[in-house]
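Right, one structure below, let's go through it.
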Amino acid sequence: MATPDFIRDLRASAGHQLLWLPGVTAVVFDDEGRVLLGRRSDNGRWSLIGGIPEPGEQPAVCAVREVEEETAVQCVVERLVLVQALKPVTYDNGDVCQFMDITFRCRAVGGEARVNDDESLEVGWFAVDALPDIKDFGQTRVKQALSDAPAWFEPAPSL
């Protein structure tokens, strides 16, 4: 994932300390019910499309922008799927981030899937029952996006 300029600016003064950041994930379906995935250039794994909103950018707008930037597919957001605070991650350079992931179900409305930036090695549409090896993160989000259940969130502990 390319690091946005505003995070580079933050890192100049914050160093490697934990940054709490918003993140969005798009579960994009085409008219055949296939899911759009990209094989990431940083780790070689297939994953859902996602990214970090720019300051002031609405999460749904970010999801649409990221999908088009990374895959050349235009999409519309249909609904909120999931909101989840993820575990902190430490990158190879020592930077530590923790993301609040906001996942949306999206529908493709145009464009042809292709590698459209340097964040992906491959891009493609996959039948839900024939997904490549993706992490539990992606599997959970695809499953939730396919259900009619309300948006998932970790419930607050009972008092």
Side-chain angles (χ1 to χ4, degrees), residues 1-2 4 7 18-40 42-91 96-117 119-159:
M1 175 186 312
I7 293 176
L18 174 73
L19 292 183
W20 174 245
L21 297 167
V24 300
T25 302
V27 183
V28 184
F29 293 101
D30 67 4
D31 290 338
E32 297 174 35
R34 299 177 301 173
V35 179
L36 180 64
L37 299 176
R39 194 163 68 84
R40 296 172 57 110
D42 61 352
N43 63 19
R45 294 192 60 116
W46 286 99
S47 68
L48 297 167
I49 308 304
I52 300 170
E54 294 291 330
E57 184 179 36
Q58 293 296 324
V61 172
C62 176
V64 169
R65 175 181 56 77
E66 288 287 344
V67 169
E68 186 163 12
E69 283 179 1
E70 294 181 26
T71 70
V73 171
Q74 290 97 40
C75 68
V76 294
V77 171
E78 294 184 321
R79 70 178 182 89
L80 178 67
V81 169
L82 174 149
V83 177
Q84 182 180 31
L86 304 177
K87 293 179 182 177
V89 60
T90 302
Y91 294 96
V96 182
C97 293
Q98 186 170 12
F99 293 95
M100 173 65 72
D101 179 58
I102 304 164
T103 298
F104 296 99
R105 177 188 168 111
C106 302
R107 179 174 41 86
V109 294
E112 288 195 33
R114 62 178 169 83
V115 173
N116 203 38
D117 65 11
E119 294 184 42
S120 299
L121 301 172
E122 297 177 74
V123 170
W125 293 102
F126 295 88
V128 172
D129 61 355
L131 295 176
D133 182 31
I134 61 173
K135 291 185 176 183
D136 288 343
F137 176 95
Q139 292 174 6
T140 298
R141 280 150 179 77
V142 170
K143 182 179 177 183
Q144 183 68 23
L146 288 168
S147 79
D148 289 329
W152 182 91
F153 58 92
E154 184 75 31
S158 300
L159 295 178

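Position 1 is the first residue of the sequence, and the numbers go up from there.
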V67 and C106, any side-chain heavy atoms less than 4.5 Å apart:
no

Any side-chain heavy-atom pair from N116 and T71 closer than 4.5 angstrom?
no

Mark yes or no for whether R105, through its side chain, and A145, through its backbone, hold a donor-acceptor pair below 3.5 Å.
yes

Donor-acceptor check, side chain of R107 to backbone of D31, threshold 3.5 angstrom: yes or no?
no

Are any of the side-chain nitrogens in E32 or R34 under 4.0 Å away from the carboxylate oxygens of its partner?
yes

For G111, is there any backbone N or O sitting under 3.5 Å from a side-chain donor or acceptor partner on Q74?
yes

Enumerate donor-acceptor pairs with a distance under 3.5 Å from any side-chain N or O in residues 146-159 to protein atoms, sequence neighbours excluded.
| residue | atom | partner | partner atom | Å |
| --- | --- | --- | --- | --- |
| S147 | OG | Q144 | O | 3.0 |
| S147 | OG | A149 | N | 3.3 |

Does some side-chain heavy atom of T25 sit less than 4.5 Å from a side-chain heavy atom of F104?
no

Is the side chain of Q98 donor-acceptor paired with the backbone N or O of L86 at a distance under 3.5 Å, no angle test?
yes

A130: what forms a side chain to side chain contact (heavy atoms under 4.5 Å, CB included) with it, not counting sequence neighbours?
A127

Backbone N/O of L36 and side chain of D30: donor-acceptor pair under 3.5 Å:
no

Using modelled atom types only, decide if a donor and an acceptor are shared between the side chain of E112 and the backbone of A72 within a distance under 3.5 Å.
no

Residues passing the side chain to side chain contact (heavy atoms under 4.5 Å, CB included) test with R65, sequence neighbours excluded, are E54, E57, C62, E69

Using side-chain contact (heavy atoms from CB on, under 4.5 Å) as the criterion, point out the one residue from V73, L37, V35 that pairs with W125.
V73

Taking side chain as C-beta onward, heavy atoms only, is Q84 less than 4.5 Å from T140?
no

